[in-house]
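Every number for a ligand or one of its atoms is a count from 1 in the order of the listing.
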Amino acid sequence: MSSVVVITGSAGLIGSEAVRHFAGLGMDVVGVDNDMRGYFFGADGSTQWNLQRLVKEVGDRYTHHSIDIRDRDGLDKLFTGLGSNVGLVIHAAAQPSHDWAAREPFTDFDVNAVGTINMLEATRRHAIEAPFIFTSTNKVYGDTPNSLPLVEQETRWELPEDHQYYGGIDETMTIDSSMHSVFGASKVAADIMVQEYGRYFGMPTAVFRGGTLTGPGHSAAELHGFLAYVMRCVMEQRTYRIFGYKGKMVRDAIHSHDLITAFGAFHKAPRVAEVYNMGGGRFSNCSHIEAFKIAEEITGLEARTEYVEENRAGDHQWWISGTRRFEEHFPDWKLTYDVPAILREIYEANQEMWKA
Ligand SMILES: NC(=O)c1ccc[n+]([C@@H]2O[C@H](COP(=O)([O-])OP(=O)(O)OC[C@H]3O[C@@H](n4cnc5c(N)ncnc54)[C@H](O)[C@@H]3O)[C@@H](O)[C@H]2O)c1
């Protein structure tokens, strides 16, 4: 069996967790990351610290390449060298922020959409049999979830229990006729292209449409990294700005570990052109108000928040992922972290770095 894994965004939250996991299984990992998160979000966002930690932990099993995924020739050269030794591709490099994309739409599209076809084409030419896993986003559904009949409760918005999506929004929701944001649209382009390389070329591709993905490997910044940024603000006594919906917007959260075990399950039994909504579901979700309450309990500190009346354009008021399709295909896979466990781990892992 081919034993090299190519992971883009390898210094980021998801990429770095994937590096650890697959190196731990004895595979050689080739990482691609140019620390562009530092360009997107400034010093808070740079993933350099995580890369250094990774290199120390994983040692010789990991080789780093600071290639820009927009650099088609650079990727092709990398894959030419690796050839059919590539047994798995995880494409997690991206411009990940909804809000940032509108600042530089060309950059966002070049990274998210063009970078993805560059990766797909390099894989098709050099390792067509390798499962190709892509981290898409629930933003492909645009603002359609905001038309759900939400009911206001004390600390959160909620769906009536008899609603078809109460257990979570599944892949049957349309991706058309909604406002996606510039980011959502560039991810839709990538998402559809990954499906197309599955359908058209028969490649074992999978699109994972994530809700909130989180974990201690997140370089928490205001524009990206919800739970990690909540914890960082409480620990550093920074003011967190809550944008609209009375702070009651609901997010489901999945720990990067649980997402990577899902990737592992797909790697072992790949399928063609799959699409999965993936998140913490009913097992792991919270509103902003609830997240701060848990963070305060864990840290013993009081959160500082500022409420901004206007919500972020197209921001979801309520999102819980329906993961039944994935669970039916991979019945042995289970979520292991809920929101309090995730927040506690983020707290423990960052005690040295995040101090008031
Ligand atoms: N974190 C979330 O809540 C979330 C939710 C849904 C989907 N996703 C998706 O999951 C994927 C991974 O997200 P993450 O949270 O790990 O993001 P991240 O920002 O932590 O990691 C992405 C990494 O990609 C690198 N990168 C960016 N542009 C690059 C380029 N042009 N060339 C090479 N490397 C580049 C960055 O430096 C960063 O280290 C992304 O596709 C994102 O859209 C994330």
Would you mind finding which of [options] brings a heavy atom closest to [atom]?
| atom | options | result |
| --- | --- | --- |
| atom 20 (O) of ligand 1 | Leu13, Thr8, Asp110, Thr116 | Leu13 |
| atom 31 (N) of ligand 1 | Thr137, Val32, Asp68 | Asp68 |
| atom 27 (C) of ligand 1 | Ala94, Ala253, Ser10, Gly74 | Ala94 |
| atom 5 (C) of ligand 1 | Gly211, Gly210, Ser46 | Gly211 |
| atom 12 (C) of ligand 1 | Ser321, Ala11, Ala228, Ala92 | Ala92 |

Less than 3.5 Å between some nitrogen or oxygen of [X] and one of ligand 1, yes or no?
| X | result |
| --- | --- |
| Arg70 | no |
| Pro96 | no |
| Val111 | no |
| Ile69 | yes |
| Thr212 | no |
| Leu213 | yes |
| Asn34 | yes |
| Asp33 | yes |

Do any heavy atoms of [X] fall under 4.0 Å from ligand 1?
| X | answer |
| --- | --- |
| Ile67 | yes |
| Gly45 | no |
| Lys187 | yes |

Per-residue contact class, [X] against ligand 1 - non-hydrogen pairs under 4.0 Å:
| X | value |
| --- | --- |
| Asn138 | neither |
| Lys139 | neither |
| Ile14 | both |
| Ser136 | backbone |

Q | Numbered atoms and elements of ligand 1 in range of Thr47, under 4.0 angstrom, heavy atoms | A | 37 (O), 39 (O)
(Q) Which of the numbered atoms in ligand 1 are under 4.0 angstrom from any heavy atom belonging to Asp35? (A)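 Per the distance check, 37 (O).
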Hey, do the aromatic rings of [X] and [Y] have their centres closer than 6.0 Å?
| X | Y | answer |
| --- | --- | --- |
| Phe326 | Trp333 | yes |
| Phe263 | Phe22 | no |
| Phe134 | Phe208 | no |
| Tyr307 | Phe243 | no |

(Q) Please determine whether side chain to side chain donor-acceptor pair (under 3.5 Å) holds for the pair Tyr276 and His329, giving the CA-CA distance in whole Å, both sets of side-chain angles, and the decisive distance to 0.1 Å. (A) CA-CA 10 Å; Tyr276 300 114; His329 290 178; 2.8 Å; yes
**Q.** Stepwise side chain to side chain donor-acceptor pair (under 3.5 Å) check, Thr116 with His91
**A.** CA-CA 8 Å; Thr116 298; His91 175 39; 3.0 Å; yes
Q. Given Arg70 and Asp110, is the salt bridge (charged side-chain N to carboxylate O under 4.0 Å, His left out) satisfied, shown in steps?
A. CA-CA 6 Å; Arg70 294 172 294 179; Asp110 284 344; 5.4 Å; no
Q | Backbone N/O of Ala92 and side chain of Thr8: donor-acceptor pair under 3.5 Å | A | yes
(Q) Once you measure the plane-to-plane angle for His64 and Tyr62, does it fall in the parallel (<30°), tilted (30-60°) or perpendicular (>60°) bin? (A) tilted
**Q.** Ser287 side chain near Met249 side chain, heavy-atom distance below 4.5 Å
**A.** no
Q) When you look at Asn277 and Arg324, which way does the side chain to side chain donor-acceptor pair (under 3.5 Å) test go after all the steps? A) CA-CA 9 Å; Asn277 284 1; Arg324 186 177 303 164; over 6 Å; no
Q. Excluding sequence neighbours, so at least two apart, what forms salt bridge (charged side-chain N to carboxylate O under 4.0 Å, His left out) with Glu345?
A. none
Q: Kindly write out the residues that satisfy side chain to side chain contact (heavy atoms under 4.5 Å, CB included) with Asn118, not counting sequence neighbours, or none if the list is empty.
A: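 Once residues adjacent in sequence are excluded, the partners of Asn118 under the side chain to side chain contact (heavy atoms under 4.5 Å, CB included) criterion are Arg72, Leu75, Val114.
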